[in-house]
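Here, residue 1 is the first one in the sequence, and each next residue gets the next number. Worth knowing before you read on, the calculation uses all heavy atoms, side chains too, and leaves out hydrogens, waters and symmetry mates. We count ligands from 1, going down the list as the structure has it; atoms in each ligand are counted the same way.
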Amino acid sequence: MASAPPPRPRLVVLFGGRSAEHDVSCVSARHVLAAVDPARYDVEPVGITRDGDWVLAEGAMKALAEGADGLPESLTADGPVVDAIPMLSGSSSPAETADEALTVVLPILHGPMGEDGTVQGLMELAGVPYVGAGVLASALCMDKVAANNHLAAHGLPQAGYRWLTVDDETHGGVRRPDGSSSIVAAEVDDAIEALGLPLFVKPANMGSSIGVSRATDRDATIAAVELAASYDRVVVVEEAIDGREIEVAVLGNESPEASVAGEIVPGADFYDYDDKYEDGAELLIPAPLEPDELATMQRLAIAAYRALHVEGLARVDFFYEPDGRGWLVNELNTMPGFTPISQYPKLWAASGLDYPSLINRLVDLAIERHDRDQGHTRTDH
Ligand SMILES: Nc1ncnc2c1ncn2[C@@H]1O[C@H](COP(=O)(O)OP(=O)(O)O)[C@@H](O)[C@H]1O
Ligand SMILES: [Mg+2]
């Protein structure tokens, strides 16, 4: 007797989350849910509220059926609150028998508590395959100090930077990387001497330009450090690059591939939160580059992706100084915006991989990595 084909994989789409990028995540998830093929996956949306509750978003599916804009952009607790690990691994843990559906998680979560390795650790514990970078890569890419230090160790080009830990206890106090202490103003003076003005000041752990400032004088830099320190104790101070902003989408596990390049034409002073999510910035695809310029950038993007141990996907953002140092890596985003008009899917669409195919490819990569790593953790061999 021929056995029945295995059931469709259960695709858990996680969205919302506790970070400042909750709304962006909900918009991305809405588009992902609309694009996945129900004949291929048994899709199960799960929302994470701003308070961190996990909610089976039954309301989300219902709203989707009502039209493309039916889903609320911000999640309200519209379903039963569930325990995360049993929900993920539950009765449908990775198929042990052919008739058990495989669960794959697609975490469309941006920023801290989503893109930073925390949720990835939970999925590792639950033993389920998941889309995107693993624990270490997610954490490294979320922390601008860890990422910059790691890229530097691999000899990858980037803007000059310093970092400091702003001490909560003594207002204006700073702990230096070597453990000695100082005050913000003195550190700012040192940074200006080393890196010049203007400077970019950023919280180490954030995204969407939240807490990022461009400072043109000493007082503004001090104020910018204090602002960034309200988001994270660790603050990065970087030389301001006067260059083009160009990015590329990278996809894959052991053999990552790079897309065509996109160039941001900013509407505001720099690419800030409103530019990214409201209006203003334009994305030029493909970026006007000579073939050798593009090839160099794609090579560096893949080198940075590997250096930070990324698998699955990342958008690699560069500054480009054509008449200066050339390509400088700015950052890697392991869960970039994922609406069809977001850069990452658009870069792949322009490279010949449409939005639904991109999602299928990401799910396949998640399963391939999981199968590979299972081979390393099995105790029965
Ligand atoms: N060193 C820099 N020189 C010039 N512009 C910068 C620099 N750092 C950041 N920016 C501008 O600020 C934006 C946000 O900074 P980024 O480091 O990408 O943080 P986020 O994680 O919030 O996206 C960038 O897209 C760029 O426009
Ligand atoms: Mg950025």
Side-chain angles (χ1 to χ4, degrees), residues 19-21 24-25 109-112 114-116 138-149 151-152 156-163 191-192 194-216 220-221 224-225 227-228 230-232 234-250 261-278 280-284 287 301 304 308 314-322 324-338 342-344 347:
S19 83
E21 293 158 281
V24 183
S25 161
L109 298 168
H110 309 300
E115 191 182 349
D116 63 349
S138 299
L140 278 174
C141 292
M142 179 54 50
D143 189 296
K144 294 185 196 302
V145 172
N148 286 2
N149 289 347
L151 292 171
L156 286 154
Q158 57 189 322
Y161 69 98
R162 300 196 145 201
W163 58 279
I192 291 173
L195 305 171
L197 280 167
L199 286 167
F200 264 81
V201 181
K202 319 174 186 184
N205 270 283
M206 259 291 151
S208 296
S209 303
I210 295 164
V212 176
S213 318
R214 180 176 185 273
T216 50
T221 310
V225 170
L227 172 72
S230 68
Y231 293 98
D232 192 333
V234 182
V235 173
V236 184
V237 180
E238 245 175 50
E239 70 173 309
I241 302 299
D242 186 14
R244 294 163 66 185
E245 262 192 276
I246 299 182
E247 45 198 46
V248 64
V250 180
E263 176 157 7
I264 290 151
V265 185
D269 207 10
F270 68 97
Y271 193 33
D272 64 11
Y273 188 88
D274 284 347
D275 255 359
K276 281 177 187 169
Y277 301 113
E278 309 297 331
E282 260 182 76
L283 188 68
L284 214 59
L308 294 170
R315 199 189 71 223
V316 186
D317 298 352
F318 288 87
F319 300 116
Y320 187 41
E321 292 181 343
R325 288 167 287 180
W327 297 103
L328 303 170
V329 179
N330 176 27
E331 61 165 348
L332 279 76
N333 291 281
T334 52
M335 189 42 78
F338 216 86
S342 302
Q343 294 96 308
Y344 189 90
L347 289 167

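Per-residue contacts place N330 under 4.0 angstrom from the following atoms of ligand 1 (heavy atoms of the residue considered): 16 (P), 17 (O), 18 (O). The contact set between ligand 1 and A240, taken as ligand atoms under 4.0 Å from a residue heavy atom, comprises 3 (N). Residue I241 approaches ligand 1 through these ligand atoms, each under 4.0 Å from one of its heavy atoms: 2 (C), 3 (N), 4 (C).
Atom-to-atom distance recorded for C141:SG and L151:CG is 8.0 Å, nearest 0.5 angstrom. The CD atom of E282 sits 11.5 Å away from atom CD1 of I264, with the distance rounded to the nearest 0.5 Å. To the nearest 0.5 Å, atom CD of residue E263 and atom CD1 of residue I246 are 4.0 Å apart. Atom CG of N205 sits about 7.0 Å away from atom CG of D116, to the nearest 0.5 Å. Note that the CD atom of Q343 and the CG atom of D317 stand 7.5 Å from one another [nearest 0.5 Å].
For E331, the nearest N, O or S atom to the Mg ion (ligand 2) falls under 2.8 Å.
Remark: distances from the non-hydrogen atoms of Y161 to ligand 1 are all 4.0 Å or more. Within the structure, ligand 1 lacks D317 among the residues with a heavy atom less than 4.0 angstrom away.
Residue nearest to atom 16 (P) of ligand 1, selected from H110, E331, E238: E331 (by heavy-atom distance). When the heavy-atom distances from atom 19 (O) of ligand 1 to E247, E245, K202, K144 are ranked, the shortest goes to K144.
Contacts between E239 and ligand 1, counted as non-hydrogen atom pairs separated by less than 4.0 Å, involve the backbone only. Residue-level proximity to ligand 1 for I264 is absent, since no heavy atom of it falls below 4.0 angstrom.
Under the side chain to side chain donor-acceptor pair (under 3.5 Å) criterion, E239 pairs with R325, sequence neighbours left out.
Ring pair W327/Y320 is parallel by interplanar angle, where below 30° counts as parallel and above 60° as perpendicular.
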